[in-house]
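This report concerns only the one structure given below.
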Amino acid sequence: MIQAFAFYLFTAIMLFSAVSVIFARNPVHSVLWLILAFFNAAGLMVLVGAEFIAMLLVIVYVGAVAVLFLFVVMMLDIDFSEMRAGFIRNAPLGLLIAVVLLAELGMGLGAWKTGALQLGTASGAAATPDGLSNTAAIGALLYTRYLFLFEAAGIILLVAMIGAIVLTHRQRSDTRGQNVGRQVARRPEDATVNVKPAVGQGVTL
Amino acid sequence: MIPFFEARGLSFEAAWTVSTIAEILLIALPVMLAVALVIYADRKIWASMALRRGPNVVGPFGILQSFADGLKVFLQETIIPSAANKGLFLIAPIITFTVALMAWAVIPFNSGAVLADINVGLLYVLAISSLGVYGVVIAGWSSNSKYPFFSAMRASAQMISYEVSIGFILICVVLWAGSFNLNEIVKAQKDHVWIINGFVANPLLFPVWVMFLISGMAETARAPFDLTEAESELVAGYQTEYSSMAFALYWLGEYANVLLMCALNATLFWGGWLPPLDIPVLYLVPGLVWLLLKILFFFFIFSWVKATVPRYRYDQLMRLGWKIFLPLSLFFVFAISGYLMATGHFA
């Protein structure tokens, strides 16, 4: 009863916020609705017993990706009338993408329904072996059977990361950065001299 | 608490609902009271380090000062700037405050005394603490004012930066404890080094704890890292346009977060509800008392730092997070997992 209530609550909020992502006038509101949708998806993951995935979803998507998203959208100066101007022109492309996504979703669901893919049971039970926590079960699979794929994903991410840094990094010659090592290594006797000049005499440095 | 309500004739569902709500109140209300008193303690500690007296008028030794402040703020008018995005402007402090209380669900107060004894407790804490940034960011944007907006940008960059190293630090703890469950982590610290309960006595984990303490201050935007509300640059940061109860919610949420960070320090590195030394006599004192003593000890450290350390500059903050803590914590993940593999800890 409680599970069913939670399921319908999360689903209803998620669907509503997913629709609101599209219909919200303000892009910042759209991102916030998207975050709410992520959050409720995490709730659904908890309900099917995939608590590790749920927490990762919140940490990675809600906690990091969406923050950057929000960050960028908030800084943009968006003109709403200009945004709506291209609607008719872009509508066929959008429609095409929507049809493709819908077809993929339908194919996926159909394949699952006919039993071609073994993705666990419909009830979501028996997802993890007995006596193992979710995290341990995922780890045991990821670091044994899928080790190569896991490491390949890691390398792809590393390449992407280095690429992003290389593309955006620039050496500026007109600013002087702080060299902390040099500052710490500098001793008072290198920088100051204590002199006692006679009256009327200057000091040469 | 479920059997207690079931014995009084409620069905399981009803008993579950009632007992969960009762447990939430049992945690949230003392936390709120603790926050009020801890604000007073913070001001007193800060004052005595500056050779002042601090609040000393309301009640004996000024102990009721926070409640008087609360009442004053409660009676003030809530001013909403006309250019603000009204809905988000009002939601933002609620988010901050709610998120600050949510993470307490997985903190074990004694052996088994925890609201949600979940397998992924530590990940839950990480997930909830990463939500905290939204209250600040939304406030900064919806205020439609430049200083709050600068503050929101600083806050989001700062919190994401330090979460990375906090993640690695927590992995070190999880590797050694072998579980994400906070109760299991506390139990794994029993007799960790000789008779000392706590990971902090371990030479490999001590530097990790130091990094966690400093990252915790940055994550909660406390004193040396309080760039989000740097009053010399940003008026009051993201709170600039807030007044009355909305402002008070930020105030309470901030201190609830600080207390949570103290509780995490105690739970992850200092043995949580275990006594500091594994001596039978010390187990006569309830675990809750040990945990509270440790939380207060860490709160004192947080206040002490606030009173004595000058504020970081923003580039220094980023440098510390990305160029020092990130490589160091990554190194310790390697070192600790290597040590554990070499000594056959996982076998």
Heavy-atom pairs under 4.5 Å with chain A are the metric here; pick the option from B:Ile118, B:Leu88, B:Val164 that has the most.
B:Leu88
Can you tell me how far CG of A:Leu68 sits from OG of B:Ser156, rounded to the nearest 0.5 angstrom?
7.5 Å
Enclosure of A:Tyr61 OH (heavy-atom neighbours >12, cutoff 6.0 Å):
no
Is it the case that more than 12 heavy atoms not belonging to A:Phe39 sit under 6.0 Å from its CZ atom?
no
With B:Phe150, which residues qualify under ring-ring contact (aromatic ring centres under 6.0 Å, His included), at least two apart?
none
Hey, what's the ring geometry for B:Phe180 with A:Phe52, parallel, tilted or perpendicular (30° and 60° as the breaks)?
tilted
Over 12 non-hydrogen atoms of neighbours within 6.0 angstrom of CG in A:Asn194:
no
In short, A:Gly63 meets B:Ser130 closest at the heavy-atom pair CA-OG, 3.5 Å
Options A:Val60, A:Val62, A:Val58, ranked by heavy-atom pairs under 4.5 Å with chain B, top entry
A:Val62
So what's closer than 4.5 Å to chain A heavy atoms on B:Val137: side chain, backbone, both or neither?
both
Honestly, the part of A:Ala66 sitting under 4.5 Å from a heavy atom of chain B is both
How far does CD1 of A:Ile59 sit from CG of B:Leu123, to the nearest 0.5 angstrom?
4.5 Å
So B:Trp141 and A:Val28, do their side chains get closer than 4.5 Å, heavy atoms only?
yes
Considering only heavy atoms, which portion of A:Leu57 lies under 4.5 Å from any heavy atom of chain B: side chain, backbone, both, or neither?
neither
Tightest non-hydrogen contact, residues B:Ile160 and A:Val67, listed as CD1-CG1, 3.6 Å
Are A:Met55 and B:Leu126 packed together at the side-chain level, in the sense that at least one heavy-atom pair is separated by less than 4.5 angstrom?
no
So do B:Asn85 and A:His29 actually touch side chain to side chain, heavy atoms under 4.5 Å?
yes
Are the side chain of B:Tyr134 and the backbone of A:Ile35 linked by a donor-acceptor contact shorter than 3.5 Å?
no
When only heavy atoms count and the cut-off is under 4.5 Å, which of residues 310-319 of chain B reach chain A?
B:Arg313, B:Asp315, B:Gln316, B:Arg319
